[in-house]
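One structure below.
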2 protein chains.
Amino acid sequence: MGASKTADYTLIQTDLARYCKALSHPARVAILQLLLERKTCICGDIVEDLPIAQSTVSQHLKELKQSGLIKGEIDGTSVCYCIDESEWIKATQLLRSFFDGFELNSNTCC
Amino acid sequence: MGASKTADYTLIQTDLARYCKALSHPARVAILQLLLERKTCICGDIVEDLPIAQSTVSQHLKELKQSGLIKGEIDGTSVCYCIDESEWIKATQLLRSFFDGFELNSNTCC
DNA sequence: TCCTTTTATCGTAATATTGCGATCAATATG
DNA sequence: CATATTGATCGCAATATTACGATAAAAGGA
């Protein structure tokens, strides 16, 4: 079953995996794109934009919050969501240095 | 249950999600790091390096192959794996333009 | 030919993910 | 106070993921 102790991997590996897991579903990518575009959204805005039910959107928002990439602030009956700037920068840098680790024309097999 | 028709999302959204899903487990991040470092690896090299069984490594390699990020070539009894350059570049660019979509200090809520 | 090496695949089990409708809790509004 | 509105959570179902040992398949070597 799904053991895979966290201690078996480095912090960079688990951080990268965590950010990527947040982006591993097209609905969550779409939510983030909407937040990038509009800067802030309430949950209802996202529900209107996506082809999935409100409860499902809420669940995806919860996962995005847990990844750290977004945060939400209660404002009356609604919740205002936005990108978490410092986490976004951290993810950007982590991914950049990971993908930049590839040297062009260096793969000798295949 | 897990329906989520592909047609509901853009190609960019599903491509991004597919690449990120490949990176969504620390073992797969570790495999890619090893390939970046050593340029090529046979399956056994990776099994030696990771704290998981050979069959599990093989399964992760299969997922990475399906994402497009790596390819493998049979060489005698072993299989030589390496990064797929063109897919890697595509993923790099897709992720870069996604993360660059954030404007600093633009989040007004929270 | 027999045996070893290497990797993929099968079978199984545990857990996680995705999705929905229904409902709850909190705040507005009449 | 009654009643919307908004979003989170619960309960459930279907499917996917992760992991392992056992075994199969393919190629090389004695």
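Predicted, not measured: the structure shown is a model, and the values here were computed from it.
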Which nucleotide in the set [options] lies at the smallest distance from any side-chain heavy atom of [X]?
{"X": "A:Gln59", "options": "C:dC20, D:dC20, C:dT7", "value": "C:dC20"}
{"X": "B:Ile42", "options": "C:dT7, D:dG7, C:dG19", "value": "C:dT7"}
{"X": "A:His25", "options": "D:dA19, C:dA8, C:dT18", "value": "C:dT18"}

Original post:
More 5' along DNA chain C: B:Ser58 or A:Thr56, using each one's nearest nucleotide?
Top reply: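 First, find each residue's nearest nucleotide; the 5'-ward one identifies B:Ser58.
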Spacing between [X] atom [atom1] and [N] atom [atom2], to the nearest angstrom:
{"X": "B:Glu73", "N": "D:dA26", "atom1": "CD", "atom2": "P", "result": "18 Å"}
{"X": "B:Ile31", "N": "C:dT7", "atom1": "CD1", "atom2": "C1'", "result": "13 Å"}
{"X": "B:Ile52", "N": "C:dA14", "atom1": "CD1", "atom2": "C1'", "result": "17 Å"}
{"X": "A:Arg18", "N": "C:dT17", "atom1": "CZ", "atom2": "C1'", "result": "18 Å"}
{"X": "A:Tyr81", "N": "D:dT6", "atom1": "OH", "atom2": "P", "result": "14 Å"}

**OP:** Quick one: label B:Ser78 by what it contacts on the DNA or RNA (base, sugar-phosphate, nothing), any heavy atom closer than 4.0 Å.
**Re:**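 B:Ser78: backbone/sugar contact only, no base atoms under 4.0 Å.
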Subject >> Sugar-phosphate only, base, or nothing, as touched by A:Glu63 at under 4.0 Å among non-hydrogen atoms >> reply: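 Here A:Glu63 touches the backbone only, sparing every base.
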Output yes when a side-chain donor or acceptor of [X] lies under 3.5 Å from a complementary backbone atom of [Y], and no otherwise.
{"X": "A:Thr92", "Y": "A:Trp88", "answer": "yes"}
{"X": "B:Glu85", "Y": "A:Asn105", "answer": "yes"}
{"X": "B:Arg18", "Y": "B:Ser67", "answer": "yes"}
{"X": "A:Thr14", "Y": "A:Thr10", "answer": "yes"}

**OP:** By nearest nucleotide on DNA chain D, pick out whichever of B:Ala53 and A:Lys62 is the more 5' one.
**Re:**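 Here A:Lys62 is the residue nearer the 5' end.
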Original post:
Where each residue is assigned the nucleotide of DNA chain D containing its nearest heavy atom, which of A:Val57 and B:Arg28 is assigned the position nearer the 5′ end?
Top reply: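 First, find each residue's nearest nucleotide; the 5'-ward one identifies A:Val57.
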Subject >> Residues A:Lys39 and B:Glu103 bridged, charged N to O under 4.0 Å >> reply: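 B:Glu103 and A:Lys39: salt-bridged.
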Original post:
With the threshold set at 4.0 Å, does a side-chain nitrogen-carboxylate oxygen contact exist between A:Lys21 and A:Glu63?
Top reply: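 Salt bridge: no.
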Subject >> ring-ring contact (aromatic ring centres under 6.0 Å, His included) partners of residues 55-74 of chain B, not counting sequence neighbours, each pair once >> reply: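 Pairs touching residues 55-74 of chain B that pass the test: B:His25-B:His60.
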Original post:
Taking only side-chain nitrogens and oxygens of B:Lys21, does any of them come within less than 4.0 Å of OP1 or OP2 of D:dT17?
Top reply: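 So the side chain of B:Lys21 is within the cut-off, an N or O lying under 4.0 Å from OP1 or OP2 of D:dT17.
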Original post:
Would one find a side-chain N or O of B:His60 under 4.0 angstrom from OP1 or OP2 of D:dT17?
Top reply: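 So the side chain of B:His60 is outside the cut-off, no N or O lying under 4.0 Å from OP1 or OP2 of D:dT17.
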Original post:
What string of B, S and - do you get for nucleotides 22-30 of chain C, 5' to 3', if B is base contact, S is sugar-phosphate-only contact and - is no contact with any protein heavy atom under 4.0 Å?
Top reply: B----BS--
